[in-house]
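Here's the structure we're looking at; comments come further down.
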Amino acid sequence: MSDRLRGTLELLVLRTLAWGPRHGYAIARWLQDTTSAALHVEDGSLYPALYRMEQRGWIESDWRRSELDRPAKFYRLTAAGRRQLKKETSEWRAFVDAVAIVLEPSQ
Amino acid sequence: MSPYEHDDDAGDDRTLPPEVIQPPVDKRVDSELAFHIEMRTRELIAQGIRPDEARRQAAERFGNLDQVAAELRRLERQTDRTVRRTRYVAELMHDWRFALRMIARRRTFAAVAIGTLALGIGAATAIYSVVDTVLLRPLPFDAPDRIAAVWITQPSIASDPVLSWLANATPMGSQEYNALRQNAKTLRDVAMWTPRSITLTTDNGPERLEGIRVTSSLLPALRVRPALGRGFTPGEDALGGPHVAMVSWEAWTTRYGADSSLVGRSVTLDGAPWTIIGVLPPGLRIDRTTAAPAFWVPALQDTYDIPERRNRSYRTVARLAPGTTFAAATQEAAAIVRSVSGDTTVSTRVEQWQHDQGRDARGPLLLLLAAVGLLLLIACVNVAILQLGEAAGRAREMTTRAALGAGSGRLVRQLLVESVAIAFAGAILGTGLAWAMMRGLISAAPARLPGMDAVALDGRVLAFTVACATLTGLLFGIAPAVVASRTGTASLVRLGAGQSGRGTRQLQRALIASQLALSMALLVEAALLGRSLRALSTVDPGFRATGLVALSVALPSTYEDAQLSTFTLEGVRRLAEVPGVQRASASQQVPFLGGASSSPLQLDAPAGGSPPAARHTQQRYVLPGYFETLGIRLLAGRSFSAADRAGSEPVAIMSQAEVQRDFGGESPLGRRVKHQNIWRRVVGVVADVKYRGLAREDEATVYIPFEQYGAGWPTFVVRGGDVATIEPALKAIIRDLEPRATLLQTVALPTVIEKSYAPERYRTVIVTVFGVMAALLSAVGLYGVSVRSAARRTREIGIRLALGGTTSRVVRLLVGDAMSGVAVGLALGMPAALITGRIVRPYLFAVAPTDPLSFGVVAVLLVVVTAAASFLPARLAGRANPAVVLRGE
C-alpha cells in the first residue's frame, strides 16, 4: 500500500469514527459503501491501520456486545483523534486544491 | 485508564465486566478477526450465496489472514506494554491519593499506627546509626579494606587468669616489627603505634595531653600525607633518634592559631625541647576510642624499645600486599613471629583493621540491634492488628469498589499502598525521633566505642530508614491484604455486616499472640540484663570505696627513685593533715585506675622439695597505710609499716588468691618469694581486691613496699574530706615540692567503680526501654482489638444483660476471651525468650539465661498489662443499657 493510500485510509477511518464508535467490520463496510469500492483495499489491511492509530492515541477500543450477541472490539475517536481528523482534513483539502490547480490549470 | 473508571460513553449497560476486557493478546486478535470473517460471511449468505462459498469469499476478501494476524499480535503486544505501564503509574498515583484521603479520614487509627511505627523505626534508625558508624562504615583511608591489624596470639596463656587478656591480642615489639618488615611478603608498610600521654610546658605551666608514638611507616601505610611540613623519616624512629614531633590539625588550629611558622619551631614536651616538623591533616584518627592525640612523636627511641628487651607494647597495622589474603598473611606473619621469638606456641591474628577495632563492640551492638529488631517487628504486628480491625469496618467501601470493577488484586494493592504510606509517615516522624534518641545514645554512651563521636544521621542511615519503612509497610500490610485477597471481596462484605469474619478474628488473635510472644522475649532479655547488672553492681570489690578519693600525679621522667619516695611520702603526710581527711596513702596502682602489671613470681622450695615454676603475678607497690586507707582486710600476719624502707629487709604481702594458687591455701607467712630478682619474706596476707573490674576473677597479687622498689608515678588515695579541699591541698603540695609535677586526675572511687560497668548499664537501660515500649505497644494493640470486639458484640451483650446477665459476668466473659489469647502468647513467648536468653548469655553475670525469676516477673507484668487493656473496654460494654443497645441497629 502506498503512503498516500495509507494516509487516506487513516483519514477515512477517523472520518467514520467521528460519527460514533463502531467495530472493524462496520468500518470496512462503510469504507466499501461510501467509496464505492474505489479504494479497493483488502479487508485485512484495515486492521494494522487501526492498531497503529490506536498506538498513536487517535482512537481507542473496548469490547462490547455486538449484533451477534458476543463481544466485538469497538473503536472510537479520542480527543487527539478529533484534532488529527481536523488537521488531516484541511491538509487533504490543501493537497487536493494544489493538485487540482496543477492538473486543471484555470483557463 | 483504569478498568473501573468509565466515562459517560462507556458507562452504558452494554459495557462488559472488566474480566472480559483483557483476555490474552492472541485471543483478542483472533476473535476480532474471526468476528470480521463471520460478519462478512453472514452478509454474503444474506445475498444468497451458499455458506461454504460465502466463507471462501469472505476469506479471500480479507487477504492473507495469518500474516495480518501476526502483524496485529506484534502491534498489540507493543500497545499492551505501554498501556500497562501508563495504567500502572496512573493507578499507583490514584492509590496514593486515595491512601492519603483514607488516612486523613481515619485519624485515630492513623495517629496510633504512625506513632507506633515512628517509635519502632526511630529506635531502629538510632541503633543502626551507631552500628553503621562503629562496625560498617569504611575507615576514612585509601582502600581501607586492605589495611590489616596484626596481633600476636598466645593460646597457651589463655587459661592463666593474670595473662589471659594477652591471649588473643598481644601487642608487638621492635623484634617482631623488624622481622615482619624484612621478611613478610604478604604485608607491606608494616607500622606500629602506641598511645602515650605527654606533658606540654608553655608559659602557662605544664599541661597533660594525649600523644602518640608512631613508626615512620605509619603515615605511608595509611596513605596519609601531612597537611604541612613532613612526616617522620626512617632513622628518626630509632634508638637515640632526633627530638622531632608532629602536631595534629586540631591542636595546630586551637593552640597555635593555625600559624604555619610553627613548623621548625621548638616546643617543650616532657621537659625537653622538640622540633615541630609537620602538621597532620584534619580529622586524622588512629585510635577511634580515645581523644585524638595532639602530639605525634617517633616510636622506638627509648632503650625500653630495643629488640633485646623483648618488650611488646605497640599496636601494629600494615597494608595487605596485592593479590594476597588475610589468611595467607596470618600464616606468614605467624611463621615469622615464631622464628624470631623462638616461641612455637605463638601465632598471629591478621584481619581487617575495621573488624579489629569493632571486635569488642560487635557483640553488644548486635545484641542491641537484635533487640531493636524485635521492637520494630512488634510495632509491625501491632499496626497489622489495628489495620485488620480497620479492614472489617471498611467492608462497605471495599464492596462498593469491587462492585465498581476493582479486582481483588487491585484492592490488595490499594491496602498495601495505604500501609506503605502509613509506614512512610511513621518513618518521617521516626527520623526526628531517631535524631533525638541518637543524641541520647551518644551522650549516655560509655567510653571506648570506636567512632562514637562520628555517629550521625547521614545518607547511609536514611537509606536504612527508607528500607525499614518500605519493608515494615509491606510486612504489616500483608496480613489484611492477604485476608482480602484469599477470602475474596465477598467475605469482606459479610465481614462488614458483622456476620462472620472468623478468619479475620483468628488471624487477629494469632497476631496478638505473636506480638505478646515477641514482647515477652524482649522483656525477658531486659530482665536478665537487669538482674545481671544488679548482681554485678553489688559485687564486693574487696575494699570500701565510699568516701575514697584518688589523685594521680605525673612526675618528671628524670626523677630518681629517692626523689620519688620523698615526694610521695611527704605528699601522703601532708594530705593526711588536710581537715576532714581520716587517712591517706599512695600506691603506684589503685583499683579501677590503671591496667595490669605483672611479672613472674618465684617461690622458695618447700621443705624437702624442689621449687615450683615461677608464675605471672599481679604486682602492686604500696605505701604504709594503703590497706587501712582502702579498707582492705588483713587476713594474716602484719601490714606494711614505715619501717619497711629502702634499706630494710625486703618483704611482701600476698593476696588470698595468690595464697590459694601458689601455697595451696596454707599460710605463706615466713616463706620467701623472688620478685624481680629480689628474695622477699612474706609477712602478711590480705583479702582479694577487684582491681580491673567487678566481673573479673580474683587475681593472684603480690604487694611490695613502695620504697623498696623504684616504682612509677604515685596515685594518692584519701579517705574522708571532700574533693573541693583535697585537690587544692595536693596542688599546693605539688607547688612546694615539685613544680614540674602535674596532677593528672582526681576521682571519687565509687564513681570509677560505677563507670566500670557503664557499658553493662548502658545496654541494660536501652534494652529495658525497648522492652517497656514493646509492652506498651502490645497493650495498645490488645486495647484496640478489645474495643472492636466489644463493639461487634454489643447485640449479644445487650441480650445477655436483658436476660439477667450482670455487668461483672459480661466483663468476665470479654476479658476471659482476650486472656485466652494472652495465654497462648505467653506460651509461645517461653521458647522465644529461651532463644533470646541464649543470645544474651555471654553478657550475663551470675544470672542463668533461664532465670525463673526473670521469666516469672515478665509473665506477671504482661498478664497485668494485657488484663488492664482488655478490662477497660469490657467494663464499658458491660455497663451498657440493654434497652438502648437492642433498639440500636
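The chains referred to below are lettered A, B, ... by the order of the sequence lines, with proteins before strands, and numbering in each begins at 1. This one's a predicted model, so the numbers in the text were calculated from it and none came from an experiment.
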Side chain, backbone, both or neither of [X] within contact of chain A (heavy atoms, under 4.5 Å):
X       : answer
B:Arg42 : side chain
B:Glu32 : both
B:Glu38 : side chain

Looking at every non-hydrogen atom in both residues, tell me the closest pair between B:Val68 and A:Pro48 and how far apart they are.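 Closest heavy-atom pair between B:Val68 and A:Pro48: CG1-CD, 4.2 Å.
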
Give the minimum heavy-atom separation between B:His36 and A:Tyr47, together with the two atoms involved.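 Shortest heavy-atom separation between B:His36 and A:Tyr47 comes out as ND1-OH, 2.7 Å.
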
Between B:Arg28 and A:Trp63, does a side chain to side chain contact (heavy atoms under 4.5 Å, CB included) hold up when you go through it step by step? CA-CA 10 Å; B:Arg28 264 167 10 218; A:Trp63 292 77; 3.6 Å; yes

Under a 4.5 Å cutoff for heavy-atom pairs, which residue among B:Leu72, B:Val29, B:Ile37 has the most contacts with chain A?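 Result: the option with the highest number of such pairs is B:Leu72.
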
Within a 6.0 Å radius of atom CZ on B:Arg73, are there more than 12 heavy atoms belonging to other residues, nucleotides or ligands?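 Above 12, so yes.
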
Nearest 0.5 angstrom please: A:Lys73 NZ to B:Leu33 CG, how far?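 Taking NZ in A:Lys73 and CG in B:Leu33, the distance rounds to 9.0 Å.
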
Scan residues 13-32 of chain A for pairs that pass salt bridge (charged side-chain N to carboxylate O under 4.0 Å, His left out), counting only residues two or more places apart or in two chains.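 Listed once each, the pairs are A:Arg29-A:Asp33, A:Arg29-B:Glu43.
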
Do the side chains of B:Gln78 and A:Gln55 get nearer than 4.5 Å, heavy atoms only?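 In short, these two side chains touch, coming nearer than 4.5 Å.
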
Going by heavy atoms in the side chains, are A:Arg52 and B:Glu71 under 4.5 Å from each other?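 Side-chain contact under 4.5 Å: yes.
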
